[in-house]
K.L.:
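Handing you a structure now.
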Amino acid sequence: MTRIQRLSPRLANQIAAGEVVERPASVVKEVLENSLDAGATRVDIDIEAAGCKLIRIRDNGSGIDPEDLPLALSRHATSKIASLDDLERVGSLGFRGEALASIGSVSRLTLTSNHRDGTSEGCSALCEGREMDVQLRPAPHPRGTTVEVRDLFFNTPARRKFLRTEKTEFNHLEEVVKRLALSRFDVGFTLRHNGKVIHSLAGAGSDAERQRRVAAVCGPAFMEQALFIEVERGDMRLWGWLGLPTFSRSQADLQYFFVNGRVIRDKLVAHAVKQAYRDVLYHGRHPAFVLFLELDPAQVDVNVHPGKHEVRFRDSRAVHQCIFSGLHRALADVRPAAAPTPLTTAEGLAVNTATGEIASQPGLGWGAPAAYHPTSAPLPGQSGEQLRSYAGLHPRVLSEAQTPEEVPPLGYALAQLKGIYILAENAEGLVLVDMHAAHERITYERLKAARALDAIPGQPLLVPEAIAVSEREVALAQEHADVFARLGLLVEVAGEESLLVRQIPVTLRGSDVAALVRDVLSDLAEYGSSDRIEAHMDDILSTMACHGSVRANRRLSVPEMNALLRDMEETERSGQCNHGRPTWTRMSLEELDKLFLRGR
Ligand code: ADP
Ligand code: MG
């Protein structure tokens, strides 16, 4: 064994750099965070060769006292915390005091700063990655700081080898800038790459300006299809923009979550968001969101990871509950009346082609006529009066007597197309509804609401129906008789390989009884244990809802169609079907006029 020796400062810093400085994007993150911590209101970022050649970031923040410049570049030196107490309630983005030292150990770093107003006499410190000794010289600079990082990893070839193409590295870097630009609306940012302006974002003070920034960073399509939410719960505040379920993505690439201004990736947060979208998102798709959680800094531990993109919540349950319930509530309100924009998708193709998938789902029993029973199982809170109005009392077409405000959001049915779509007319123009998808959602929400009251009302069958099943299915039906009962199903064992169905949920009357029971049995078999069945109750209800829904190719009368439209307006989450596809869309008269090149 060789003897123990102390690491040189340079080597110690380079080891630390291994954690903090992974790629040009990480340098940009650390340096920008310093600018924000210094109270800058303007930050200019100049990049060459994706940051491998040059990263120059200039801010108009507080600046650094020339005497402190060498300290700023040395490890374990910070102006942001002084005691363990401070660490428990960190308000700044930085606090570890090692970023500049780490960066300086693997690049040629110049730090130029001026901490006084009214003079342009600044001071510059150079750190060349060799011995970590810092040379100071006067340099002109307005109040604020410029950090220039050249030739990143010039002395650590192993690291350099891990760098990807210029395009990939720049994408990472741009992503960092976007995140920080979303975290601080009040700060102006410009990003230039190889002399070309990529982003120029003015400081945003008003709501409209903030929306403009989100649109600039996340794309205008996101902004057009996002809900603004703001929830307070105890001393927590959650606000931001939530992509409508129909604006889903094939990747989780448009998800920004900030905790006290710090962008984080967190399992707990991801889980809460996923739960909230569970019921409304097409399988395998990812929601888009920009959300800000604000809470007492003492409630968050930010000292979990050197990159500081993970946090630990002291009361993780409360945080989970706040996010889940806030989002769940907001998404539940996505129904025609509340949706100001048409529910078309940003990646329309992915969703449209999916219609075929659903149609070919086994056991759906297409074509079996199922009457539409709008009044069958009222949702809690629906008044009898409201329900009576479904009985065809609505005017069937828009009459002159109605003012636009009196016309319901989905208007009145005109006709049915190919047994699949309802065409309706509202105050703005044409409304198109996928009747099966819409009804499926309504049925599903009814079943859920009834289950929440612990009673899915059943309706005895006039003639009990015997169905042939396997022995295993008979055993399953026996074992889970209580589950069946709670689902509004009464199923008896009639033989070794047969069951007798005596009752099905009222909401599902008219559906194919055998197919319904078989599908529920197959769900029970799939989920296996009682625990998992409980956890997947909603999935089972969703399976059942398929059966109660009006089938394609079934003719609906105009009063039936109008009743369906009114139900959609009343039903939570009715903007999407159970599989997350849109249930309706619309075309305004203006859009139709444009289509036909008709000037008005
Ligand atoms: P930390 O941010 O964790 O304190 P850094 O190594 O990133 O550690 O920075 C060290 C110190 O240098 C900071 O605490 C701060 O006082 C000073 N500093 C760095 N960048 C700036 C800046 N842009 N403006 C003002 N001060 C800065
Ligand atoms: Mg820092």
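Order of listing sets the numbers, starting from 1, for every ligand and every atom in it.
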K.L.:
If you draw the axis of the six-membered ring of Tyr444, does the NZ or CZ of Lys448 fall within 45° of it and under 6.0 Å from the ring centre?
P.N.:
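Ring-cation test returns yes.
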
K.L.:
Atoms of ligand 1 less than 4.0 Å from Glu98 heavy atoms?
P.N.:
6 (O), 8 (O)

K.L.:
To check you understand the geometry: which heavy-atom pair defines the closest contact between His141 and Asp59, and what is its length?
P.N.:
CE1-O, 4.5 Å

K.L.:
Quick test of your reading of the structure: of Leu36, Val31, Asn34, Asp65, whose heavy atom lies closest to atom 5 (P) of ligand 1?
P.N.:
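Going through Leu36, Val31, Asn34, Asp65 one by one, Asn34 has the nearest heavy atom to atom 5 (P) of ligand 1.
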
K.L.:
Could you point out which residue of Val187, Ile57, Ile45, Leu93 forms a side chain to side chain contact (heavy atoms under 4.5 Å, CB included) with Ser35?
P.N.:
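Per the side chain to side chain contact (heavy atoms under 4.5 Å, CB included) rule, the option paired with Ser35 is Ile57, out of Val187, Ile57, Ile45, Leu93.
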
K.L.:
Specify the closest pair of heavy atoms between Gln14 and Ser105, including all atoms of both residues, with the distance to one decimal.
P.N.:
NE2-O, 3.1 Å

K.L.:
Is Arg108 positioned over the aromatic face of Phe154, cation under 6.0 angstrom from the ring centre and no more than 45 degrees off axis?
P.N.:
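Yes, cation above the ring, under 6.0 Å and within 45°.
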
K.L.:
At a 4.0 Å cut-off, with the gap strictly under it, does some heavy atom of Gly97 reach an atom of ligand 1?
P.N.:
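Per 4.0 Å heavy-atom rule, Gly97 contacts ligand 1.
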
K.L.:
At what distance is the nearest protein heavy atom to atom 6 (O) of ligand 1, and which residue and atom is it?
P.N.:
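Here the closest protein heavy atom is Leu100 N, 2.9 Å.
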
K.L.:
Does the salt bridge (Lys or Arg N to Asp or Glu O under 4.0 Å) test come out yes or no for Arg58 and Asp44, once each step is laid out?
P.N.:
CA-CA 5 Å; Arg58 166 188 285 242; Asp44 293 300; 5.9 Å; no

K.L.:
Do the ring centers of His193 and Phe170 come within less than 6.0 Å of each other?
P.N.:
yes

K.L.:
Taking distance alone, with no angle check, do Ser79 and ligand 1 share an N/O pair under 3.5 Å?
P.N.:
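Checking ligand 1 against Ser79, an N or O pair does fall under 3.5 Å apart.
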
K.L.:
Would you say Gln299's side chain and Leu295's backbone share a donor-acceptor pair under 3.5 angstrom?
P.N.:
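Pair absent, no side-chain N/O of Gln299 close to backbone of Leu295.
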
K.L.:
Any N or O on Gly94 sitting closer than 3.5 Å to an N or O of ligand 1?
P.N.:
no

K.L.:
Measure across Ala16 and Arg75 and return the closest heavy-atom pair with its distance rounded to 0.1 Å.
P.N.:
CB-NE, 3.8 Å

K.L.:
Evaluate side-chain contact (heavy atoms from CB on, under 4.5 Å) for Glu98 paired with Val20, printing each intermediate quantity in order.
P.N.:
CA-CA 9 Å; Glu98 60 182 3; Val20 186; 3.8 Å; yes

K.L.:
Counting both backbone and side chain atoms, is some N or O of Ala77 under 3.5 Å from an N or O of ligand 1?
P.N.:
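Looking only at distances, the answer is no, because the N/O contact criterion of under 3.5 Å is not met.
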
K.L.:
Counting only nitrogen or oxygen atoms and a 3.5 angstrom limit, does Thr145 reach ligand 1?
P.N.:
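N/O-N/O distance below 3.5 Å exists for this pair.
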
K.L.:
To check your reading of the model: name the closest protein heavy atom to atom 12 (O) of ligand 1, its residue, and the distance in Å.
P.N.:
Ala72 CB, 3.5 Å

K.L.:
Quick check: does Phe95 get an N/O under 3.5 Å from an N/O on ligand 1?
P.N.:
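Indeed, backbone or side chain, Phe95 has an N or O that close.
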
K.L.:
Report yes if some N/O of Gly63 lies less than 3.5 Å from some N/O of ligand 1; otherwise report no.
P.N.:
no

K.L.:
Using heavy-atom distances only, which candidate in Leu111, Val43, Thr146, Thr78 approaches atom 4 (O) of ligand 1 most closely?
P.N.:
Thr78

K.L.:
Could you check whether any side-chain heavy atom of Phe185 comes within less than 4.5 Å of a side-chain heavy atom of Glu209, counting everything from C-beta outward?
P.N.:
no

K.L.:
Below 4.0 angstrom from a heavy atom of Arg96, which ligand 1 atoms are there? Numbered from 1 as shown, please.
P.N.:
3 (O)

K.L.:
Would you check the N or O atoms of Ser62, main chain and side chain alike, for any that come under 3.5 Å of an N or O of ligand 1?
P.N.:
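N/O-N/O distance below 3.5 Å does not exist for this pair.
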
K.L.:
Of all the heavy-atom pairs spanning Ala50 and Leu173, show the shortest one and how long it is.
P.N.:
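Of all heavy-atom pairs spanning Ala50 and Leu173, the closest is O-CD1, 3.6 Å.
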
K.L.:
Which ligand 1 atoms are under 4.0 Å away from a heavy-atom of Ala38?
P.N.:
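Near Ala38, the atoms of ligand 1 are 24 (N), 25 (C).
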
K.L.:
Do any protein N, O or S atoms sit under 2.8 Å from the Mg ion (ligand 2), and which ones are they?
P.N.:
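Sorted hits: Asn34 OD1.
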
K.L.:
Assess Lys80 for proximity to ligand 1: is some non-hydrogen atom of it under 4.0 Å away?
P.N.:
yes

K.L.:
Pick from Lys274, Gln255, Arg249: which one makes a side chain to side chain contact (heavy atoms under 4.5 Å, CB included) with Pro287?
P.N.:
Gln255

K.L.:
Distance to 0.1 Å, residue and atom name: give those for the protein heavy atom nearest to atom 27 (C) of ligand 1.
P.N.:
Ile64 CD1, 3.4 Å

K.L.:
Angle class for the Phe292/Trp239 ring planes (parallel below 30°, perpendicular above 60°, tilted otherwise)?
P.N.:
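Correct class here is parallel.
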
K.L.:
Looking only at heavy atoms, is any part of Asp59 under 4.0 Å from ligand 1, and if so is it the side chain, the backbone, or both, or is it neither?
P.N.:
side chain

K.L.:
Looking at every heavy atom in both Asn194 and Glu48, which two are closest together, and how far apart are they?
P.N.:
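Looks like OD1-CA, 3.3 Å.
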
